[in-house]
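Working notes, structure below.
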Number of protein chains: 2
Amino acid sequence: MIGALLGIQKPLVLAPMGSVAGGALAAAVSRAGGLGLIGAGYGDADWIRREFDRAGGARVGIGFITWSLARQPQLLDLALSHKPSAVMLSFGDPRPFAEKIRASGAKLICQVQSRAIARQALEARADVLVAQGTEAGGHGGERSLFALLPAVRDLAPNITVLAAGGIADRRGYQAAIALGAEGVLVGTRFIASEESLASTAAKQRVVQADGDATVRTTVFDIVRGYDGWNGITGRALRNKFTQAWHGREAALRERIEHERKAYWAAVERQDCDSAVTFAGEAVDLIDEVLPAAEIVRRLVP
Amino acid sequence: MIGALLGIQKPLVLAPMGSVAGGALAAAVSRAGGLGLIGAGYGDADWIRREFDRAGGARVGIGFITWSLARQPQLLDLALSHKPSAVMLSFGDPRPFAEKIRASGAKLICQVQSRAIARQALEARADVLVAQGTEAGGHGGERSLFALLPAVRDLAPNITVLAAGGIADRRGYQAAIALGAEGVLVGTRFIASEESLASTAAKQRVVQADGDATVRTTVFDIVRGYDGWNGITGRALRNKFTQAWHGREAALRERIEHERKAYWAAVERQDCDSAVTFAGEAVDLIDEVLPAAEIVRRLVP
C-alpha cells in the first residue's frame, strides 16, 4: 500500500531536515528506492529553488514547518511549481494547506506527536500520518514512539502510518513494523551521510555521540528567533551552549541581541560547541558516514 | 536463556510497582508462567512481610528503590529471608547490594535508564538488565525505549536484557524482541488487573485515560517527601494536583506542611484528582480490567 501510494520501492522516507536534507540527499534517497524530502526549514525561496534544482529531476518531495509556512504561504506555491510527489507538514495546523496540496497531485504527509494532533491530521484528510516519537532529532513533542505508534495506528486503522524517532538500523525498522507502521521516516541517520548538507564537524559529532548526550531544548530556537510555536522543542546534542542556557531561557532572552550575534558567528565558523547539532537518541547506533543509498539498503528490506 | 535464568516459562516480568504490585499480583503473574516482583516501594517491613505471605508460596521476587534501600539496608535482609528468586534494583547505585543478593541465590536484576547507568549495572555484575524507557509509568529517566534498548543491547551483548516502558500488548512485546530484548517487564498494564492493589478509582482512570494525558513530574515525590534522588521523575496521569503544582515546585515546597496533610487525606479517600496515579504512556492500549493471568496470556507467547 505504501509503495503504490508514494510511488516507492522501499518503505523509507527521508525526514525533511532543515539545512541538512537538500536536493542531493533527497535525490539519493529516492534513487535508492525510498522517498527523499527536501527540508524547507524556515523558508528561503532561493534555497528551495536551488535544492529542487540539485535534485536533478529525481522524484522528491518537500517538508515544511507548518507555523512558519503560515507566515509566508507563497512558499507552498513555489514548492508546488516544482511538482513534488509529496508535501509533509509538521508543527502547526495542516488544514489551511491541505486542499491546495491535494489539488496539485502531491500526497499530504502529516507528522503527529500526540493523539490530539493525529486527530487534526485526519480532519485534514492526510494521505500519510507520521507518528513521531520524542526520541527524534530536531523538533518534536513529548510522547515516545513505543506507545504513541500503536495508539495512532488504532486511531487511524485505514491510513498509512510511518514511524519516526530513534530509528537508525534494521532493528528499528522491524520494531516499527511490529508496532503497526508500514514504513519509517528517518532523519538523524542521514545527517551522517555523504550527501547531507551538515558540516563535516556536525557529521563527526553525530558519529561519535552517545545517545545519553541529547536533550530536548528551546534554547537554539530562542537564540535564532525561531520560537514561533508553543509545545515543541528541538532535540540536539548537548554542547557548551546548552550547558550555558538550557534551564536559563529567561536570562538568554534578556541578552538576546549579544547572544544572537555570537551564535550566528559560531555557525559561520562551524563551531559545534555553540552551533546546534540537531540529532536524535539514535546517535548511539551511528558509527560512520555512509552514502545515503547504503543507509537505505541497510535500514529497510 | 531467559527462561532458564529466571526459572520462567513466559518472557514477562511484573514491574515491582510500589503500593500496586503486592503478593497476590506477583503470585498470579508467576503462576501464569512469568515472574512476579513485589514492589517494596519506600520500604515498610510489615508490608513486605505481609505481601510475601500473600504470595502464598509462589516463586516470586522483589524490587527495591535503591536510594531508599540504602537508607534502611536491613530491608534487604528481611526480603532475602523470604527466599525471593530475584531482586530488582532501580534508581541508585546497585553495587553495594550486589554481592549479598548473589550470595543468597537470588538473581540480580538492574533497571537502567541510560547507557551510563547500564555501565554501572554491568560493574555490579547484574544477571539481567532492564532497559527502561521514559514512556514507563512511575519513576524513570529521560531516554526513550526505541533507541535506548538497542544501545543497551550493543553495550552488553552477552547479558539478558528486558525491555520496559510503553509495553501493554503483543505488538509491544514483538517490537521489544525486534530491538534486541529477550523479554519484557510490564507495569502499567497490570495496574488494571484484578489482583493489583490499586484502588478501584485508579484502575478506572487507567482504563479511561489517553496516553497524551501523562506527564513526568516530581510534584508527587515532593509532596510525599520522597524526593531523595536526583535525576528521576515519576510519570503519572495529569490531575488537579499536577495542574496546580507541576512547574511550580518551589511554591509547593514553600507550603509543604499544609499540602502534605491535604495530599495524604486525598489518598485516604481515594481521590484521584489529588492522589497520584502513576501510569505510563501505554494507557492508550488498556481498555479493561483483566485477571493478571489473562494479561500474561495476551501479552507474550
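Everything quoted here is computed from the prediction, not taken from an experiment. Protein chains get the first letters and strands the later ones, always in sequence-line order, with residue 1 at the start of each.
- Considering only heavy-atom pairs separated by less than 4.5 Å from chain A, the leading option among B:Ala175, B:Gly133, B:Gly165 is B:Ala175.
- In terms of heavy-atom pairs under 4.5 angstrom with chain A, the leader among B:Leu149, B:Asp284, B:Asp212 is B:Asp212.
- Under 4.0 Å is where a charged nitrogen must lie from a carboxylate oxygen, and between A:Asp227 and A:Arg253 at least one such pair does.
- Here B:Arg115 is the residue among B:Glu142, B:Gln113, B:Arg115 with the most heavy-atom pairs under 4.5 Å with chain A.
- Using modelled atom types, one finds no donor on one side chain facing an acceptor on the other under 3.5 Å when comparing A:Thr277 with A:Arg205.
- At a 4.5 Å heavy-atom cutoff, the contact between A:Arg153 and chain B is made by side-chain atoms alone.
- Annotation: side chain of B:Glu281 is not in contact with side chain of B:Asp210 (no heavy-atom distance under 4.5 Å).
- Between the side chains of B:Arg143 and B:Thr134, not a single donor N or O lies within less than 3.5 Å of an accepting N or O.
- The environment of A:Arg298 atom CZ is dense: over 12 non-hydrogen atoms of other residues, nucleotides or ligands sit within 6.0 angstrom.
- Of the listed residues A:Ala151, A:Ala282, A:Gly166, A:Pro150, the one with more heavy-atom pairs under 4.5 angstrom with chain B than any other is A:Pro150.
- Looking at A:Leu285, the atoms closer than 4.5 Å to chain B (heavy atoms on both sides) all sit in the side chain, from C-beta outward.
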